[in-house]
Protein chains: 2
Amino acid sequence: MSLSHIDLPKDMPQPDAEGCQATREILDRIGDKWSLYIIATLANGARRFNELKRGIDGISQRMLTLTLRGLERDGLLTRTMYPTIPPRVDYELTALGMTLLGPVMSLVNWANANKSAISEAHRRFDEESEPERISVQGVIYQRR
Amino acid sequence: MSLSHIDLPKDMPQPDAEGCQATREILDRIGDKWSLYIIATLANGARRFNELKRGIDGISQRMLTLTLRGLERDGLLTRTMYPTIPPRVDYELTALGMTLLGPVMSLVNWANANKSAISEAHRRFDEESEPERISVQGVIYQRR
DNA sequence: CTGTATCCAGTTGGATACTG
DNA sequence: CAGTATCCAACTGGATACAG
């Protein structure tokens with residue numbers, strides 16, 4: 001990956017096409033409706049199936065199972081069965097899953113720091129479309 | 001947000017429930033099929049509609065329009081029209097959009113660093129289900 | 001050039017019932 | 001307890017045609 005372009009203001013890091021491809025794949029996982037909540041819960045340590053179900057508000061049994069399978073398939077968590085009666089299954093982040101917490105926290109922090117800015121942007125955009133911008137003779141006008 | 005729990009190994013940062021809520025919202029945006037590519041392209045500077053279309057392989061006109069509208073609504077980019085014939089429209093990241101590049105790059109770097117690990121996990125999981133783990137008498141056995 | 005409108009197939013995820 | 005199976009409504013996104 002080429003992360004450094006010098007022709008840019010403030011040597012801003014940039015994603016590139018190849019990098020996006022790999023990133024799209026993990027976004028297909030953690031970008032779904034429930035993965036983030038599961039990862040966040042397991043960040044506090046191993047949990048059993050129903051602990052996760054109770055801890056994640058609104059998740060259905062079906063989606064919990066499916067999402068856990070997906071994360072397991074990606075090698076982000078392990079599934080350990082205790083062949084007892086009643087059965088018990090523990091889910092736990094793998095070392096790989098743990099390393100994902102860094103990037104994820106980066107996003108979480110950004111989201112929290114900027115959620116009001118985004119809400120404000122929504123408000124402006126929704127009440128009769130975003131301050132429209134036109135450019136005439138090279139001069140930019142923003143609607144009032 | 002409570003980011004520091006001391007009862008955890010290596011003071012790992014952790015997302016919490018409230019934090020996840022805000023993060024889910026931005027994942028609903030950048031987690032979709034095309035936003036990441038648009039953000040990545042605009043990280044190199046302003047682009048017009050058809051520049052984006054040509055630069056992002058496979059995107060349809062419809063999805064480019066819709067995705068740009070979503071990003072604009074979130075305040076991540078601006079849309080500037082040049083009322084000429086033929087018309088010209090420039091899209092450019094806002095200051096807010098720029099700040100998102102940090103967290104996004106964090107994910108992109110993680111994805112690139114670990115894509116082979118994930119592929120390997122897929123391979124193992126798919127060829128007759130992930131090394132199954134059971135725990136008997138407190139001892140964990142992994143299938144061979 | 002930069003869109004909008006329509007149609008339609010595929011996917012996602014919720015509700016519910018059933019099982020070892 | 002920890003799933004699986006089935007059904008179904010809603011959403012996502014692609015193809016295509018048309019417009020200012």
Side-chain angles (χ1 to χ4, degrees), chain A residues 20 24-25 27-38 41-42 46-74 77-92 125 129-130 132-136, chain B residues 20 24-25 27-38 41-42 46-74 77-92 125 129-130 132-136:
Chain A
C20 283
R24 281 289 322 124
E25 289 179 32
L27 280 180
D28 280 339
R29 169 76 24 236
I30 67 163
D32 68 11
K33 193 168 181 182
W34 298 110
S35 288
L36 187 67
Y37 292 103
I38 292 178
T41 305
L42 293 184
R47 293 286 184 275
R48 353 185 358 177
F49 187 84
N50 271 355
E51 284 181 316
L52 286 166
K53 184 148 174 16
R54 278 190 299 272
I56 301 173
D57 193 60
I59 195 171
S60 66
Q61 197 166 44
R62 174 183 133 92
M63 287 315 297
L64 180 53
T65 301
L66 288 179
T67 309
L68 285 169
R69 288 294 179 282
L71 292 168
E72 188 193 0
R73 178 168 185 271
D74 285 349
L77 55 79
T78 56
R79 178 176 182 272
T80 306
M81 291 186 301
Y82 299 77
T84 55
I85 296 178
R88 168 194 178 132
V89 179
D90 275 10
Y91 292 93
E92 187 170 21
F125 188 90
S129 70
E130 187 75 342
E132 196 174 306
R133 292 181 169 203
I134 63 174
S135 172
V136 181
Chain B
C20 284
R24 279 290 320 125
E25 289 179 32
L27 279 181
D28 280 339
R29 169 74 25 234
I30 67 162
D32 69 11
K33 192 167 179 181
W34 299 109
S35 289
L36 187 67
Y37 292 103
I38 292 178
T41 306
L42 293 184
R47 294 286 184 274
R48 355 189 354 182
F49 189 84
N50 270 357
E51 284 180 317
L52 287 166
K53 183 148 175 16
R54 277 190 299 272
I56 301 174
D57 193 59
I59 195 170
S60 67
Q61 198 165 45
R62 172 182 135 92
M63 286 316 297
L64 180 54
T65 301
L66 288 179
T67 309
L68 285 169
R69 287 295 179 281
L71 292 168
E72 187 191 3
R73 179 170 184 268
D74 284 349
L77 55 79
T78 56
R79 176 175 184 273
T80 305
M81 290 186 302
Y82 299 78
T84 54
I85 295 177
R88 169 195 175 130
V89 180
D90 275 10
Y91 292 93
E92 187 170 22
F125 189 89
S129 70
E130 188 75 343
E132 198 174 305
R133 292 182 169 203
I134 64 174
S135 172
V136 181

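Chain letters run A, B, ... following the sequence lines, proteins first, then strands; residues in each count from 1.
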Trainee: Quick check on dG14(D): is either OP1 or OP2 less than 4.0 Å from any side-chain nitrogen or oxygen of Lys33(B)?
Mentor: yes
Trainee: On DNA chain D, nearest-nucleotide positions of Arg54(A) versus Trp34(B): which is more 5'?
Mentor: Arg54(A)
Trainee: Please give, in whole Å, the distance from dT16(D) P to Ile59(B) CD1?
Mentor: 17 Å
Trainee: What is the distance, rounded to the nearest whole Å, between atom CG of Asp90(A) and atom C1' of dG3(D)?
Mentor: 15 Å
Trainee: Please confirm whether the backbone N or O of Arg29(B) pairs with a side-chain atom of Ser35(B), one donor and one acceptor, at under 3.5 Å?
Mentor: yes
Trainee: Answer yes or no: side-chain N or O of Arg62(A) and base N or O of dG13(C) forming a donor-acceptor pair under 3.5 Å.
Mentor: yes
Trainee: Measure from the side chain of Asp32(B), starting at C-beta and using heavy atoms only, and say which of dG13(D), dG14(D), dT4(D) lies closest.
Mentor: dG13(D)
Trainee: When you measure from the side chain of Arg24(B) to the backbone N and O of Asp32(A), does any donor-acceptor pair fall under 3.5 Å?
Mentor: yes
Trainee: For Pro87(A) and for Met81(B), find the nucleotide of DNA chain C with the closest heavy atom, then tell me which residue's nucleotide is more 5'.
Mentor: Met81(B)
Trainee: Could you go step by step and tell me if Leu68(A) and Phe49(A) meet the side chain to side chain contact (heavy atoms under 4.5 Å, CB included) rule?
Mentor: CA-CA 9 Å; Leu68(A) 285 169; Phe49(A) 187 84; 4.0 Å; yes
Trainee: Looking for any heavy atom pair under 4.0 Å, which part of the strands does Tyr82(A) touch: base, sugar-phosphate only, or nothing?
Mentor: nothing
Trainee: Could you tell me how far apart Asp28(A) (CG) and dT11(C) (P) are, to the nearest whole angstrom?
Mentor: 12 Å
Trainee: Any chance you could measure Leu27(B), atom CG, to Cys20(B), atom SG, to the nearest 0.5 Å?
Mentor: 9.5 Å
Trainee: Send over the distance from Arg24(B) CZ to dT12(C) P, rounded to a whole Å.
Mentor: 14 Å
Trainee: Just to confirm, is there a sub-4.0 Å distance from OP1 or OP2 of dC1(D) to any side-chain nitrogen or oxygen of Tyr91(A)?
Mentor: no
Trainee: Rounded off to whole Å, could you give me the CE-to-P distance for the Met63(A) and dC11(D) pair?
Mentor: 16 Å
Trainee: For the CG atom of Leu42(A) and the CG atom of Asp90(A), what is their distance to the nearest 0.5 Å?
Mentor: 10.0 Å
Trainee: Tell me: CZ of Arg133(A) to P of dT2(C), nearest whole Å?
Mentor: 18 Å
Trainee: Consider the side chain of Gln61(A), meaning its heavy atoms from C-beta on, and name the nucleotide among dT4(C), dT2(C), dT4(D) that approaches it most closely.
Mentor: dT4(D)
Trainee: Side-chain N or O of Arg48(B) less than 4.0 angstrom from OP1 or OP2 on dT2(C)?
Mentor: yes
Trainee: Find the distance Leu66(A):CG to dT6(D):P and express it as a whole number of Å.
Mentor: 14 Å
Trainee: Starting at CD1 of Ile38(A) and ending at P of dA2(D), how long is that distance when rounded to a whole Å?
Mentor: 14 Å
